[in-house]
Structure formats: C-alpha cells, structure tokens
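Comments concern the structure below.
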Amino acid sequence: MLRFAPSPTGDMHIGNLRVALFNHIMSKKRNEPLLVRIEDTDKERNIEGKENEILELLSLFGIEHQEHQLQSNNLKFHRAMALQLLHDKKAFNCFCSAQTLDAKRDAAKEAKIAYRYDGTCSNLHAEEVIDNMAPFTIRLKKPIHSITVHDIIKGESSFAPDDIDSFILMRTDKYPTYNFACAVDDMLSDVSLIIRGEDHFSNTPKQIAIHQALGYDKKIEYAHLPIILNNEGKKMSKRDDASSVKWLLEEGYLPEAICNYMILIGNKTPHEIFTVANAITWFDLATISKSPAHFDIDKLKFINREHLKMMDPKELSRYVGFADEEIGRLAKVFLDEAGTLKELRAKISTIFSPKEVPEEYREGFDVLRELTLKAPHYDDYESYKAYLMQHSGLKGKNLFKPLRILIGGSEHGPELSDLYTHLKNYLKEVVK
RNA sequence: GGCUCCAUCAUCUAACGGUUAGGAUUCCAGGUUUUCAUCCUGGUCACAGGGGUUCAAAUCCCCUUGGAGUCACCA
C-alpha cells in the first residue's frame, strides 16, 4: 500500500502534486493500491471544500487511488495506541503548560543552545499523575538508541536520541499530533512505501520511534523528494504564483505537460518529452537527484508547447473554445508564437474580434474587407489572393499588411496561406 | 544556533578514475521568412575553494565555503 496524505488547509501546491504523481507512478509500477488520506486533525485550519478540490485535481491529473480515508475517523485508534504506550511505560503524561514550555524554548534560544524537553514529567510517580488535575499532553519517551533512516533517494541518515527527543503524541485537547496520527495510520494501513516531500524528512525518525515503541517492526521504505526552489533559491511558497497548481492551469499549462515537467525536474530521464503512462515503464526513484531543484517556467513552457503540438486538433479546439478540428489546426499554427492555452486563446480571439487598424492601412483594410464580404468561396489562398489583387489594385506591403490585420488580427503572425487554409470556412465571420 | 542533507553552464542534467567536460531550456548572432515568431546554422556560459590518495581526479577521502530542509500541544 502506498499513500498520499494532504491536509485540506490550502490550495494544492506544486510540490504536493509531485508527491501524488510519484506515488501514483510507484503504485502502478509495484501493482500496489494507493490510499489518499486527508489529514484533517487540525480542525482550526481545515478549509471547507478543499478536500473535494484535492480529489478533483488528482483526477484531472490522472492520478488514481483505490482507497480513501479521513484521518479524523481514525481517532479511536490514535487514542487506543496512546493508552497502550502509556500502559507499556513507553509514553508519559506531561503537565507542563504551553507557557512554561515556550519560556524554556525562548531561554534556550537566548543562550544559543538547542532546545530539548527537559524531562520534567518523564518520571512522575503514579500519585503525582492521578492527583494532578491540570491538562496534560502525552509524550513518547525518547528512544535509547539512535535511529537510522534508510531513504531510497537520500541514502542512510542517523539521528541521535536527543535529536528525536520526548515529543508530544497527544495534545491537551485529546487529539493526536501529526506525527502520531501519521505513524499510527501508516501502520494500520500496512503502508509499504512512503513517498513524501523532503520537509518531512526530520519527522521520519520520530515516526519510526513510534513504530518501535508500538512493537511494529514491518519494514517501511521511504523516499523523500527534494524541495522545489523558486528563482531566489528558496522553497516555493504561496507567494510564488507558479507554486499553485490552480494558477498553472489558469495560465494554460496542460496537466500532461505539468506532469512531464514534474518528473523531468531534478531527475535523469531517457527522454525529455513523455507521458505519465510512458514514464511508468522506466521511472526509478533511485535516479532522482539529492539536491533541490529550481522551478524554471521557461522550460515548462517549452514542454507545454511540445505537448500542445502533439495534441489531437479536435481536443485542442475544445480547449480554445471551439468544436472544430480546423480551429485546432489553426491553433497549432500559432504554437510558433504561443506556448500556453491562455496565449492561444488570446490569438484565436483576436482573429474573431473587431480589428484595430493603424491609420496608414485603414483604406486598404476597408477595401479588402468589402471585397472579402462579396467574394465567392475560394478553396485555396492563391485564388483568394488573386481575386483581391485584381479587384483592389493593391499589391506588396499595401496588400499584405491590411490583409494580415483583416484575417489574422495582427500586423505580425503566421503565414497568410496557413491562416487562410484553416479559416476559409469562417471568412465572413472573421471580417465582419 | 542544533540536527540532517546537498554542491558540473543562468536553469535541468550527462560523465559512474583516463572525453577538446556532452545534451536540453534561456540568451546572443547569421540564414530563411512580404512581417514578428517558428525553423536551420553557429556562438557565449560550468567542474565552489584548498588539501590529500593515484601514473591519472569533475569523479575517492578530508577541511573550508556556500546552499537547502527542519527544529510547535501546524501538518
């Protein structure tokens, strides 16, 4: 079982999408089911509707899952496991208040030393516990030995007990912390491979410590994906437009192209342009680079253009608001100067919109327009051109410039013959 | 600051001890084009620094420097 575990607290981030995509690919490669677990334990931060948004995006990107869970539904298991750990003396009740803890943390920071839980409540007598009516958290006793994480991408890393520390499992409100809920759920779902972002790397020894304390010794494989950096070399955040999957989609990047780029970046692939289905055949987690990768929108655009070129004309025409493959072909002609659906839509739209004509071409434009309105249907551009030349007396620049504006909407653009070929059935509409 | 990880062109990467350090994107120039772009051709640009090991180091080891992630009763 593999799992993708997003929290419904914000817009889908490009890094999340990448994690989901890699899980999907590995699930296919290993022929193991994929679980989508919505991590909704933070009731304050949950946003209504985000869960469905995530699910819709996954399906838009062709990421299939076989199982679905709401983490909050597993609360009874979290509580039972916490009780078990308490009973086994692997965990203890901690009565330290948040204020006390904060003060100690600040003091440590002031003294420039690493903050560690000082063990105040780790060896309380039973009477001290039962007599204490203050709210409490439950903490895991820090492990005795170091914990080594074996990561498919990063290799082996070892963490000392002090760095793992006696961390909190259950909050005063009786709800589990992220690490605890996650560790318990992964165990209960019999997860075999965890693929997630590198920002979870330092949580891994903690989750392993929980598994060890619970006596769970099934081997789980880990793969932590390097962070995606923005232009400044910092982790991509909400501030970066391109970090939002929704934004990329609105800008006119194709899901196929985004997937292609997500697999390409920070990786060695046999080809540069490919589909997810194709990637499943050669994809290998072990080839992924250990260092963070910079997001390069130019490269994405290049890839997007390549996917647009490969797209079925009929499908492309739907994307730009038509249902005629001839318009799809027309759009492909504009691919030379446009790289996204948004740009393509703008190009097509100017063709069908009222034209802005510079004064110097106004006269020629009007003449050509009138002639086109009265013209019989010509199947090829050469005949149409000959007709215009004969009846207008225009030639050279004085013919081509206004003509280009008339049927292309712009002084610059693709070959007029290409334009005409795909537009001839729409000519009267275009010039009206 | 502690912990963990990383280090080849501006960016993504190739090289797995012996190459004029290769490719792609970007950028620039020329050609093509009635036009801009595409396209074609060409060009600029990299082994972070210093020590070792070795006949031989981008590649192995160490140090320095630089970068990233993370250090919550968030996930």
Side-chain angles (χ1 to χ4, degrees), chain A residues 5-10 16 38-42 44-46 71 94 96-98 101-102 105 108-116 135-139 149 151 153-160 162-165 167-182 196-206 224 226-229 231 233-235 261 264-269 271-273 287 289-303 305 309 333-339 395-401 403-404 408 410-416 418:
Chain A
S7 58
T9 54
N16 278 120
I38 305 292
E39 310 236 318
D40 59 344
T41 56
D42 186 356
E44 307 286 304
R45 299 208 313 164
N46 287 346
Q71 187 160 58
C94 175
C96 298
S97 71
L101 261 16
D102 284 346
R105 218 182 330 265
K109 195 170 182 183
E110 194 77 18
K112 284 202 179 285
I113 51 173
Y115 168 76
R116 295 281 135 74
F136 62 89
T137 60
I138 298 175
R139 308 181 91 110
V149 177
D151 189 277
I153 296 169
K154 300 174 86 70
E156 285 192 6
S157 310
S158 186
F159 296 83
D162 275 349
D163 294 323
I164 295 168
D165 212 1
F167 60 95
I168 294 175
L169 262 24
M170 296 291 285
R171 311 185 218 141
T172 47
D173 65 1
K174 315 292 185 198
Y175 282 86
T177 58
Y178 161 74
N179 273 313
F180 189 50
C182 182
R196 70 207 335 181
E198 194 182 12
D199 44 341
H200 287 287
F201 192 62
S202 46
N203 286 325
T204 306
K206 295 187 184 207
H224 288 90
I227 295 293
I228 300 177
L229 271 24
N231 283 338
K234 298 286 179 200
K235 182 181 175 183
Y261 184 60
L264 183 75
I265 189 176
N267 196 5
K268 39 186 124 175
T269 58
H271 319 285
E272 201 157 36
I273 306 300
T287 64
S289 161
K290 292 181 193 181
S291 35
H294 290 78
F295 189 92
D296 182 1
I297 195 97
D298 285 331
K299 188 86 176 195
L300 207 212
K301 200 170 205 172
F302 161 75
I303 289 169
R305 179 178 276 141
K309 282 181 190 168
V333 169
F334 278 99
L335 235 30
D336 293 341
E337 50 191 291
K395 59 183 178 179
K397 195 177 168 189
N398 290 331
L399 168 68
F400 292 114
K401 279 287 180 186
L403 179 57
R404 178 170 287 287
S410 163
E411 280 189 63
H412 307 292
E415 299 278 344
L416 283 170
D418 287 336

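Note on naming: letters A, B, ... go to the chains in the order of the sequence lines (proteins, then strands), and numbering restarts at 1 for each one. In this text, all values refer to a predicted model and were calculated from it rather than measured experimentally.
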Taking only Lys NZ, Arg NE, NH1 and NH2, and the carboxylate oxygens of Asp or Glu, determine whether Asp165(A) and Arg139(A) approach each other closer than 4.0 Å.
-> no
Just checking Thr9(A): base, sugar-phosphate only, or nothing, at a heavy-atom cut-off of under 4.0 Å?
-> nothing
Given the C1' atoms of rC12(B) and rA75(B), what is the spacing between them in whole Å?
-> 30 Å
Answer yes or no: does a side-chain N or O of Lys268(A) lie under 4.0 Å from OP1 or OP2 of rA14(B)?
-> yes
Ser158(A) near the nucleic acid: base, sugar-phosphate alone, or nothing, with a heavy-atom cut-off under 4.0 Å?
-> sugar-phosphate
Indicate whether OP1 or OP2 belonging to rC12(B) is found under 4.0 Å from a side-chain N or O atom of His294(A).
-> yes
Would you say the side chain of Thr172(A) and the base of rC73(B) hold a donor-acceptor pair, judged only by whether the two atoms sit under 3.5 Å apart?
-> yes
Geometric class of the Tyr178(A)/His200(A) ring pair [parallel <30°, tilted 30-60°, perpendicular >60°] | tilted
Among rA7(B), rA37(B), rU26(B), the one nearest any side-chain atom of Asp298(A) is rU26(B)
Rounding to the closest angstrom, what is the interatomic distance between rG50(B) and rC5(B) at atom P?
-> 26 Å
For Asn267(A), report the nucleic acid contact type (base, sugar-phosphate, nothing); a contact means any heavy atom under 4.0 Å.
-> sugar-phosphate
Assign each of Tyr115(A) and Asn179(A) to its nearest nucleotide of RNA chain B by heavy atoms, then name whichever residue's nucleotide is nearer the 5' end.
-> Tyr115(A)
What's touching nucleotides 27-31 of chain B from the protein side, N or O pairs under 3.5 Å?
none

Select base, sugar-phosphate, or nothing to describe what Phe400(A) touches, counting heavy atoms under 4.0 Å on all strands.
-> base
For rC5(B), which nucleotide in any strand shown is its Watson-Crick or wobble partner with both distances under 3.5 Å?
-> rG67(B)
How is Gly413(A) classified with respect to the nucleic acid when contacts are heavy atoms under 4.0 Å: base, sugar-phosphate, or nothing?
-> base
Check whether any side-chain N or O of Lys235(A) sits under 4.0 Å from OP1 or OP2 of rU70(B), and answer yes or no.
-> yes
Would Lys301(A) and Asp298(A) pass as an ion pair if we require N to O under 4.0 Å?
-> no
What does Pro414(A) touch in the nucleic acid at a heavy-atom separation under 4.0 angstrom: a base, only the sugar-phosphate, or nothing?
-> base
Using only side-chain N and O atoms of Arg105(A), determine if any of them is under 4.0 Å from OP1 or OP2 of rG1(B).
-> no
Report yes if a side-chain nitrogen or oxygen of Arg171(A) is closer than 4.0 Å to either non-bridging phosphate oxygen (OP1 or OP2) of rC74(B); otherwise report no.
-> yes
Gap in Å between the two C1' atoms, one belonging to rA15(B) and one to rC47(B), rounded | 11 Å
Arg404(A) side chain vs Pro414(A) backbone, donor-acceptor pair below 3.5 Å | yes
Does a donor on one side chain sit under 3.5 Å from an acceptor on the other, for Thr204(A) and Arg196(A)?
-> yes
When we call it a touch if two heavy atoms are under 4.0 Å apart, what does Glu110(A) touch: a base, just sugar-phosphate, or nothing?
-> nothing
Does any nucleotide pair with rG17(B) by Watson-Crick or G-U wobble geometry, both distances under 3.5 Å, and what is it?
-> none
Tell me what Lys234(A) touches on the nucleic acid: a base, only sugar-phosphate, or nothing, going by heavy atoms under 4.0 Å.
-> sugar-phosphate
For RNA chain B, whose closest nucleotide is more 5', that of Ile168(A) or that of Ala160(A)?
-> Ala160(A)
Would you classify Ser289(A) as touching base, sugar-phosphate or nothing, given that sugar-phosphate means primed atoms plus P, OP1 and OP2, and contacts are heavy atoms under 4.0 Å?
-> sugar-phosphate
With a 6.0 Å cut-off on ring centres, are Tyr261(A) and Phe295(A) close enough?
-> yes
Tell which nucleotide pairs with rA37(B), taking only Watson-Crick or G-U wobble pairs whose two distances are both under 3.5 angstrom.
-> none
Using a cut-off of 4.0 Å on non-hydrogen atoms, how would the nucleic acid contact of His200(A) be classed: base, sugar-phosphate, or nothing?
-> base
Give a yes/no answer on whether the side chain of Lys299(A) brings an N or O atom under 4.0 Å of OP1 or OP2 in rU25(B).
-> no
OP1 or OP2 of rC3(B) sitting under 4.0 Å from any side-chain N/O of Ser157(A)?
-> no
Between Thr41(A) and Gln71(A), the two heavy atoms sitting closest are CG2-OE1, 3.4 Å
In whole angstroms, how far is the P atom of rU38(B) from the CG atom of Leu335(A)?
-> 12 Å
Where do Arg305(A) and Asp336(A) land on the salt bridge (Lys or Arg N to Asp or Glu O under 4.0 Å) test, with the steps shown first?
-> CA-CA 9 Å; Arg305(A) 179 178 276 141; Asp336(A) 293 341; over 6 Å; no
Are Lys299(A) and Glu272(A) close enough for a salt bridge, meaning some N to O gap below 4.0 Å?
-> yes
